[in-house]
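Just below is one structure, and these are the notes that go with it.
Chain letters run A, B, ... following the sequence lines, proteins first and then strands; every chain starts at 1.
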There are 2 protein chains.
Amino acid sequence: MAEQDRASSTAKRAAKPTINDVARLAGVSKKTVSRVINRSTLLNSETRERVERVIAELGYVPNPQARALALRRNFLIGLIHDNPNAQTVLNVQQGILEALQGTEFELVVRPVDRRSPLMIEDVRAFLSRQRLFGVLLLPPISENDVLAELCEELGCRYVRMGSAQLDDPEHLVASNDREAVREATTYLIDQGHSLIALIEGPRGFRSAAERRAGFEQAIEAAGIELPRNFIAEGNYTFESGIAAANRLLDLGPPPTAIFASNDEMAAGVVHAANQRGLSVPENLSVIGFDDTAIAAHIWPPLTTVRWPIIPMARSAALKLVGNASDRAKAAAEPSFFLSSLVRRASVAPPRP
Amino acid sequence: MAEQDRASSTAKRAAKPTINDVARLAGVSKKTVSRVINRSTLLNSETRERVERVIAELGYVPNPQARALALRRNFLIGLIHDNPNAQTVLNVQQGILEALQGTEFELVVRPVDRRSPLMIEDVRAFLSRQRLFGVLLLPPISENDVLAELCEELGCRYVRMGSAQLDDPEHLVASNDREAVREATTYLIDQGHSLIALIEGPRGFRSAAERRAGFEQAIEAAGIELPRNFIAEGNYTFESGIAAANRLLDLGPPPTAIFASNDEMAAGVVHAANQRGLSVPENLSVIGFDDTAIAAHIWPPLTTVRWPIIPMARSAALKLVGNASDRAKAAAEPSFFLSSLVRRASVAPPRP
DNA sequence: GCATACTTGGAAACCGGTGTCAGTGTATGC
DNA sequence: GCATACACTGACACCGGTTTCCAAGTATGC
């Protein structure tokens, strides 16, 4: 019953020419056609031409499912992420697709819920079901070592993106968040600020720890002594930025500058300042991190750290698929990217 | 050479149990295992149990490529889009994935460039190569009839999303943009505005035309006579919103309220107003469209039209995959969604 | 008790490609 | 002129599932 149903529902689809049709019309064997498709060098140019003519005539396109079965691997790259920022995720997708352009690989997206206890099992089911060629892991979930081990266990290639230490260039594409944040904080200090607060990312995230470390290094280097509660925690969302800003601005004395660990939270800080009748940058300087679209689009335009996520994603994807054909090239793909400060209008010297 | 290389590169991957292993260990034939997997009713419950035990023991998962080959269809849904708004695209992905949750379908994303002359050929290559189960088309590219015909021609199921007329409920999920914009414009009129400008979307887009029609209906119903140049064109980006706002605010007299055809452009209007020292909503009222994250995140929070894109995407996906198993259910899936006004803080009566 | 219908399970073909290996035809070496 | 090497091609098995077809077992009707 169910079987019949399924059969009839596919019956209407147009029958496509197969490799057998091509072989028959060209008067050669399947294998020869396969050789033409795969650019084998062991081929008489006359035969190749004849087969190619038939292929063009028929509009033959190899069936990727059959290929995947015979080759015991498919051409799907997975993107596993739980990043809350839409622009970041889309930028990553863009970078990956740039790298995949012209190849036979396609991108399958898989958002997951970091907080779900079933997350790991969910990913396990996904990976064993689909047997992807490989996966890319986006921060913050890329920091989860269990996930990386799961990939190893299931024999699935993977590349992690993030601000982690450069301990494994084959599986990691990273950026120098720590130095970039130090630079940004030093910029605030150079502008004359000494009451500088930090809104950090969630505890347990390497990116959060790296950014905090950069902040603290700069503060320490300047010999500044900060009140303990000048470090607030957020969870990378706009709302958490508002909440953290309100906590900080209620302090006595309040900070004259706030570094938020991503743009989303920085936008929340600007929002909270506006709500309180404080103007940015006159009453409060703000710096964000990421340089996503929102940074340029709010008022005032946000001074922020540009995180080169698109090149990072492209590089990660090349590393992943390059691994298949050209290991050397894949290994040569850069694993480390530099973030840098973008100066816009949300920073000014503190009012005397 | 190349063949050898490929073979060796896959050799390291863990060998997974196949249906043959299960059959052998359970002491039954492949077909019986297949029947268990596919929940066929023609099975002794004792046999089923035995097979299921072996499946669990081995951790057997059917190979989707082999299934796809045998069934002559795969389990991939494509999302073809050229939407400039990250939040919209991600919301759509979220809606689709909610619908696909628990099914064997996966989502493949495919951004395209609407302006490229190769776009159609690009999509054709994509569709004939991958032989997807079906595709979802996002606006604005969903309005391209050539694309829909291409899907028909290639025998690829499709569902279009957009603000188009409800002419084909099997292939379309739409919203009532026109009425929603009329409502929003009427709200501005009720607040006392009569110098109301429109920033419309690009010519040739049905969504742009629908929204403009709603605007004009409201203006006409109120008996307002607008200067011709109170309708400016944008292209749905933040920057085009700034440019259009500057053109409008340079007019004499300038508008006291601006309706922008999406939030991105509305944010640009707010940005431009701030740059000119105008405050929103005191000196200028602004309404957007979409209710994406940016609407709530800029200051002041944007009054906007909520476009129920997530439920629309979910419904579109259900329509697409439901089509396979349960035509009736798919047809029953709603094809029409209501947009409604969300009142925030960017609208106030005009200053006397 | 036997014919019949209905379950249940297996053998073999098939989906559309790729890998292995043997066979043919031509160039080269002696 | 014959043996050998090499380039090219095809027959066939195989990837891991589903489907067709048939046979055997079992329940039911008479």
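- In terms of polar N and O atoms assigned as donor or acceptor, the side chain of Arg131(B) never comes within less than 3.5 Å of the base of dG16(C) in a complementary pairing.
- For the pair Lys31(B) NZ and dA23(D) P, the computed distance is 18 Å after rounding to whole Å.
- Without hydrogens or angle criteria, Asp21(B) side chain to Thr18(B) main chain gives a donor-acceptor distance under 3.5 Å.
- Ion pairing of Glu106(A) with Arg129(B) is present here, as a side-chain N (NZ or NE/NH1/NH2) and a carboxylate O approach within less than 4.0 Å.
- Put simply, CG on Asn38(A) is 13 Å from P on dT20(C), counting in whole angstrom units.
- Spacing between atom NZ of Lys30(B) and atom P of dG17(D) amounts to 8 Å, rounded to whole angstrom units.
- Close to dA11(D), at under 4.0 Å from its OP1 or OP2, lies no side-chain N or O of Ser29(A).
- Across the interface with DNA chain C, nearest-nucleotide mapping of Ala70(A) and Gly27(B) shows Gly27(B) to be the residue nearer the 5′ end.
- Rounding to whole angstrom units, CG of residue Asn63(B) and P of dT18(C) are separated by 16 Å.
- When each of dG17(C), dT19(D), dC15(C) is scored by its nearest atom to the side-chain atoms of Leu71(B), the top-ranked nucleotide is dT19(D).
- Separating the CD atom of Glu49(A) from the P atom of dC8(D) is a distance of 15 Å, rounded to the nearest angstrom.
- Residue Thr32(A) places none of its side-chain N or O atoms closer than 4.0 Å to OP1 or OP2 of dT9(D).
- The interatomic distance linking Arg24(A) (CZ) with dG10(D) (C1') rounds to 17 Å, in whole Å.
- Phosphate proximity of dT18(D) to Arg67(B): present, with a side-chain N or O under 4.0 Å from OP1 or OP2.
- Between Arg67(B) and Glu104(B) a salt bridge is recorded (basic side-chain N to carboxylate O distance below 4.0 Å).
- Between the CZ atom of Arg129(B) and the C1' atom of dG17(C) there is a distance of 16 Å, given to the nearest Å.
- Looking at Ser128(B), its side chain does come within 3.5 Å of a backbone N or O of Arg124(B) through a donor-acceptor pair.
- Distance CZ (Arg73(A)) to P (dC14(D)): 22 Å, rounded to an integer number of Å.
- Of all nucleotides listed (dC21(C), dG16(C), dT19(D)), dT19(D) comes nearest to the side chain of Ser34(B).
- Ion pairing between Arg115(B) and Asp82(B) fails under the 4.0 Å rule for side-chain N and carboxylate O.
- Among the protein residues, Val28(A) comes within range of the sugar-phosphate backbone only, with heavy atoms under 4.0 Å from sugar or phosphate atoms but none that close to a base.
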